Structures are given as structure tokens and as C-alpha cells.
Student: 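If you scroll down you'll find the structure; I have some questions about it.
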2 protein chains.
Amino acid sequence: MAPRVRIEDVAEAAGVSMKTVSRVLNCEPNVREQTRDRVMQAVEALNYSPHMFARSLAGNRTYLIALLYNNPSANYMMGVISGVLAGCETQQYNMLLCPAELEDDRLLRGVESLVARSQPDGVILTPPLTDSPALLERLKQLDIPYASISPRNQQDCICVAMDEPLAAQEMVRHLVQLGHRRIAHIIGHPAHGASDWRLQGYRRGLEEAGIAVDPELAVPGEFSFESGVAAARTLLDLPTPPTAIFAANDDMAAGVIQVALQRGLRIPQDLSVCGFDDTPMSEQVFPSMTTIHQPTDEMGRLATIALLSSLRHSEPPASLRVPHTLRLRQSSGPVPG
Amino acid sequence: MAPRVRIEDVAEAAGVSMKTVSRVLNCEPNVREQTRDRVMQAVEALNYSPHMFARSLAGNRTYLIALLYNNPSANYMMGVISGVLAGCETQQYNMLLCPAELEDDRLLRGVESLVARSQPDGVILTPPLTDSPALLERLKQLDIPYASISPRNQQDCICVAMDEPLAAQEMVRHLVQLGHRRIAHIIGHPAHGASDWRLQGYRRGLEEAGIAVDPELAVPGEFSFESGVAAARTLLDLPTPPTAIFAANDDMAAGVIQVALQRGLRIPQDLSVCGFDDTPMSEQVFPSMTTIHQPTDEMGRLATIALLSSLRHSEPPASLRVPHTLRLRQSSGPVPG
DNA sequence: TTGAAAGCGCTAACAG
DNA sequence: CTGTTAGCGCTTTCAA
């Protein structure tokens, strides 16, 4: 293996000092344009890339950000991961993946050992960790900047989120346009802010259409397939069952579809079913599912970029918004009769 | 923030030199039992954990392994990732996640930039990257050890795999026991070794039952839902259609189910359908899918442990085997009539 | 079996 | 605008 090209070699090749090369590489000011060019040429010529660890050791930064998660959805996480990696790449940062426990004590212990071992320069939080007051407080104590994806509280923090209430509202609007008036909602897991937002959007959608909100049509769920199955049974056993069921995520909607088909209901002729998230599964079930697409990778990317730029420039925290998309598929149709 | 506890502090507390602490921490020989204990006590007392970057810089190892992947299945990847993380934890290693291109040139460029930037001590390969001769050769040139998950060639390398032919054969056996004789197979993507193994197991299963292999019943697919849809149409349009379809993965099986239901076929009364992988989706479709469970996390964990221990002790490469499990669910049943 | 000294490759602080 | 010097926290060498 060829010996490593060091900053000294570049300095020599460019006829400047080590420190000047360092300045150029770190985009520090006070370097003449011409000198900068000369250095960059040497960097290219020697195909130099800085030794991350030496850099970290000397500079007291790690060039590492940690992605903390406790989320059972592989698709959601892989989306976010791709985005975070994309965001890191531009800035020569690396990502550390950190599964975390939900329970406060263990969560904090996990974070502490992460910090002891790897000292990340920043952290990206995904739901529901975004909403653990204990965690947020500890990160502040440790003076570790963080960016959150879809946190419940979007004030005074770096975060990226969709307009979830609006998205849910649009879904209801879609059902109303199909003629539905008896529209049910299966609420998500109570620990997730998304559950509240989607419920809120559901209610707004009904109000907007002048439909009274019937409390027995909004039933609790937990984002799991099984909870969707249970909720579907409750709803379909009602004296006057709904003609459309809007579940707060795709997994629960899949549960609804399963129960409906088992009972011999045709979808969407007898019952319309909608989900939320646009998981790959939502296209693969029969009938394919009307749902809302969430740009998870873009959210990861933006959160990372916002975090990294706040590390550099310590800007005021900003709350970013990403667009949702309604995916109309086969599981929603005109109201029966 | 409290100042970092350094190896010097531990040394002082234990009344030994820095180097002795280092010896203990790195499990080097030639330390008296009693000294070792004293050092460990000091480590505990001060809650010391070594500074990874300083260690890397001085020791010329990074304590990093890279997980290289090009696999569209989020569930598969999250399983492997969990396992690799679990394997890393025991040894104080960190994992770097590296999405890679499939095409040779770009794949190699990606690896080279990874190495230039992060110098991982080792690499974990997932299908189909496991089977890129160019990649394997380059890793050898760069003298970077690697472990493969389910590689096509399992000779003379560190690898972990299931007995895929056997698993597929058992699935066919299951269908034969249900009375099926006209059993079709949808083959996986040609670039994946798994496609060959599963096809092979399918054939063995038929031979074992004394059923002649009808070539028109083994149709090509690409592991995608859409390819499953296409293959299902081909098979169900046959003059004498199969009574059971065994797809080489769950996504394609989902495609089969969709086509069958659209044509008014009942599953499993009119047609049995089986998949492979046991994705979460396989439980959530209607009817829930008979499939084969692959312990992806365990595979990731074992590959990591094997890789790390080969780094330490340079043992001869070993090929590890993990067990599969048949998950019998609702999509397979007795042959019609 | 243990310790002292010399770096690993880089950046920070300060001096020019 | 640029260079010099002194570490960052650890492991390696070599000496005791």
C-alpha cells in the first residue's frame, strides 16, 4: 500500500506552509486567491484527502453526527438514513447509527455512552425520540446540537417536518369529494406527535365539509397492523358502519383491508380505505392503497444540512417544511349506493 | 462539560504508567494479574473510556467497519444493520454505512473514496455486492479484510449464509404434502445468487417427490412486485395453470396474490402462493403469506464477529451457517378439487 | 513485567 | 496574509 499523502506533502508541493494548506481545506478566511488555487492544485495532483482522525484529535471535533432512532419502520428509517448520508457527504461528515431505548433511564444511558465513546458533533433525532424531554434536556446539558425530524414541538429548534394536519385534511377532502360523509379515523400511537396532527387534520377535514364529528368514528390504534385489525372490527361492527376508513398509517390500513376482505366486503365498492406513509407495501396489497407520501429521505437530508450549517455558523434554529403528496390508488372510491 | 478522563488519569489513579493501562485495555499479554485488576478498578472508578480518535491515530487502525450495500429491501438492510451494530458493540467498534453503486467503475470509485476518507479496518458485504469480482479483487489489493453475507461463492472467505436450497426444497415439500403436483416457481433476479439457490431447491423438491420438472412452470422474475405480477399472468394463462406458485421472494408473491384476487381466484382454495424472506408485509397482506424466515440480524451479527475476530487473530476464513424457518400461514392450502 | 520517550497527522494559538 | 510551535490522547518502540 502506498504511504499516505499528508498535509505536509501538499504544503511542500504547493510551496507553502502546512498551516496554509489547513486554512484552504477548512475554508478559513485570510488566504490569497492565488495561494488558494496553488494549494488546491497540489491537493488534486496528489489526490490528498485529510486524515479524519488526526483532524478530529487536533481540532476537537469529530466530524461525526449520530442518528438516534427507535422506530420499528424499516422503510421510514432507510429513507431517513439515505438522506442523512447524502447530507453528510457534501461536508465530509460521517454518520453513526444509534438504536436507542424508549424508556428514559436507558435512553439517557445510551446517549451518555455514545457521547463518551464517539463525541458526535451533533445528533439527528427521529420520532418518537424527538419528544423525550429528558433526552432534549440532556443533550442541551452536554452541549450537543441536534436537529429533529417531525418533532411535536417545532418552536426554537432545528427541525424538518411536513404539514401533517394539512395532509390528513386533504385526504378527508378526497373522501368527501367521493361522496363519503361517514368517514372514520384510526388514530396512531399516542406517543407520536403524528397521531395528534393526523387526527386534527381529520377533524378539520370534516368540519370544512360541514360534517359533524362523530366521536365513535375516531378509534384508537397504535400504528401496528394488529391494532388496525382491532380498530377495523370495532368500526365495522358499529350499527351504522363508516363508508370510508382513514387510518393514520399504512400498516393499520392494511389491517383494515384484511378485515374487510375477510368479511366479504369489496374495496372500494363497499368500503374505502386510506393510509398514510406510502410504504412499499401500500402498493403491493390488493387493492393497492390510497395514501400520503412522506419524503423521508429529503427530511433526513435537510435535517443534516441544517444541523451541519448550524455547527459552522451557529445560526438561529430554523424550522423547515417539506411537501407531502397524495397518492391516489385503488382502495378509495365513490361512496356505495 | 467535565474535562475528559484520559489514560494518564487512570494511570495515576492506579499508580502505574500510561503504557500499562494501555496494555490492559488492549488485552496485551505481560501484565501481572494484580496490576491488571488495579488498572481495571481505576478504569471503573473514573468511568474511563478511551478516545477513539487518539487511539486510531496512534495505533494506525480505525476501529471502523464499513457495511457496503446496494439492496433495495429496507427490511433486509435494517435487519443486517441491527446485527452489525450488535456485533460492533461488544468490541468497541463503529459501523459506517456505505450505499454503493452496482456498476463496476462507480462501485470501485466509491470504495476508493471510502478508503481514502475513513480507512475502515474491515468491510461487510451484502448481496449482490458480494459477487462483484472487481470489488473483491480491489479489496484484496487494498489489503482490507471483508466478510460476506450470502455470497455466491462461499469458499475461502469469511461468510455467513443460510442453506437456501434446502429452505426452498422444504417449501416445495410443504406444497407436495398438501397434495400439489403442478407447482410453479418464479425465479429471482439473475444477479443474485439466491435466485439460483432457490431455483435449485425448487427442482430438488420436485425430484424428491417424483414430479417431473416442467420447464414452463419455472418463469423468470426480478424480485420486484411488478415482475411477480407479470410472472403470475404468464403462469395463470397457461393451458393447465399451476395449483401452487412459489415465488423466490415475498414481493413477487405479493404480485401473484394481487393478480389472483383480481381474477377472482380464492387463495388458498383455488391457488396456493408462497414467498421467501418473511418481510413484515408477508403477514399484512390478505391472505397472510406462507414464507421462509431469514435471520438477517443474526447474519449481520455473525459476519461482524467473524470479521472482527479475524482482524485480531488472523484465523483462517470460515463459512458460517444460520438456520431458516418455514412460516406457514394462510396463503397455502390443500390442492383444489 | 514495566516505563520513558517519540511520534501518528492535524489544528490552535500566536507571532510575524 | 502566512508561518512556527506546541500539543490533541493514544500506541509504538525501545530500554530497563
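Note on naming: letters A, B, ... go to the chains in the order of the sequence lines (proteins, then strands), and numbering restarts at 1 for each one. Bear in mind that the values here come from a model prediction, so they are computed numbers and not experimental data.
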Student: Ignoring backbone atoms, establish whether A:Ser17 has a side-chain N or O less than 4.0 Å from OP1 or OP2 of D:dT2.
Tutor: no
Student: Do A:Gln119 and A:Leu64 have side chains that approach each other closer than 4.5 Å (heavy atoms only, starting at C-beta)?
Tutor: no
Student: Please tell me which of A:Met18 and B:Val21 maps to the more 5' nucleotide of DNA chain D, matching each residue to the nucleotide holding its nearest heavy atom.
Tutor: A:Met18
Student: Grab the CG-C1' distance between B:Asn30 and C:dG3 for me, whole Å please.
Tutor: 14 Å
Student: Expressed as a whole number of angstroms, how long is the span from A:Ile7:CD1 to D:dT5:C1'?
Tutor: 15 Å
Student: Salt-bridge test for A:Glu103 and A:Arg106: reply yes if a basic N is under 4.0 Å from a carboxylate O, no otherwise.
Tutor: yes
Student: Would you please confirm or rule out a distance under 4.0 Å between OP1 or OP2 of C:dT2 and any side-chain N or O of B:Thr20?
Tutor: no
Student: Can you identify which nucleotide, out of D:dT11, C:dC8, D:dT2, has its nearest atom closest to the A:Arg32 side chain?
Tutor: D:dT2
Student: Looking at A:Arg109 and A:Glu101, does any basic side-chain N land under 4.0 Å from a carboxylate oxygen?
Tutor: no
Student: Counting side-chain heavy atoms from CB outward, which of D:dG9, C:dA4, C:dG9 is closest to B:Arg6?
Tutor: D:dG9
Student: Is there a donor and acceptor pair closer than 3.5 Å between the side chain of B:Arg23 and the base of C:dT2?
Tutor: yes
Student: Check if the side chain of A:Lys19 and the base of C:dA12 share a donor-acceptor pair of N or O atoms closer than 3.5 Å.
Tutor: yes
Student: Of the listed nucleotides (C:dT11, D:dT12, D:dT2), which one gets closest to any side-chain atom of A:Arg55?
Tutor: C:dT11
Student: To the nearest Å, give me how far apart CD (B:Glu12) and P (C:dG3) are.
Tutor: 13 Å
Student: What nucleic acid atoms does A:Tyr63 come within less than 4.0 Å of, heavy atoms only: base, sugar-phosphate, or nothing?
Tutor: nothing
Student: Under 3.5 Å, side chain of A:Ser309 to main-chain N/O of A:Ile305, donor-acceptor pair present?
Tutor: yes
Student: Pick base, sugar-phosphate or nothing for B:Asn60, based on heavy-atom distances below 4.0 Å to the nucleic acid.
Tutor: nothing
Student: Could you state the atom-to-atom distance from CG of B:Leu25 to C1' of D:dG9 in whole Å?
Tutor: 12 Å
Student: To the nearest angstrom, how far is A:Asn26 atom CG from C:dG9 atom P?
Tutor: 17 Å
Student: Does B:Tyr48 have a side-chain nitrogen or oxygen under 4.0 Å from the phosphate oxygens OP1 or OP2 of D:dC10?
Tutor: yes
Student: Using a heavy-atom cut-off of under 4.0 Å over every strand shown, decide if A:Pro50 touches base, sugar-phosphate, or nothing.
Tutor: sugar-phosphate
Student: Less than 4.5 Å apart, side chain to side chain, heavy atoms only: is that true for B:Asp163 and B:Val322?
Tutor: no
Student: Roughly how many Å is it from CG in B:Asp9 to P in D:dC8, rounded to a whole number?
Tutor: 12 Å
Student: Contact class for B:Thr35 (heavy atom, under 4.0 Å): base, sugar-phosphate, or nothing?
Tutor: sugar-phosphate
Student: Atom NE2 of B:His51 and atom P of C:dC10: how far apart are they, to the nearest Å?
Tutor: 16 Å
Student: Between atom CD in A:Glu8 and atom C1' in C:dT11, what is the gap in whole Å?
Tutor: 14 Å
Student: Is the side chain of A:Ser73 donor-acceptor paired with the backbone N or O of A:Tyr76 at a distance under 3.5 Å, no angle test?
Tutor: yes
Student: If each of B:Gly15 and B:Gly59 is mapped to the nucleotide of DNA chain C with the nearest heavy atom, which maps nearer the 5' terminus, i.e. the 5' end?
Tutor: B:Gly15
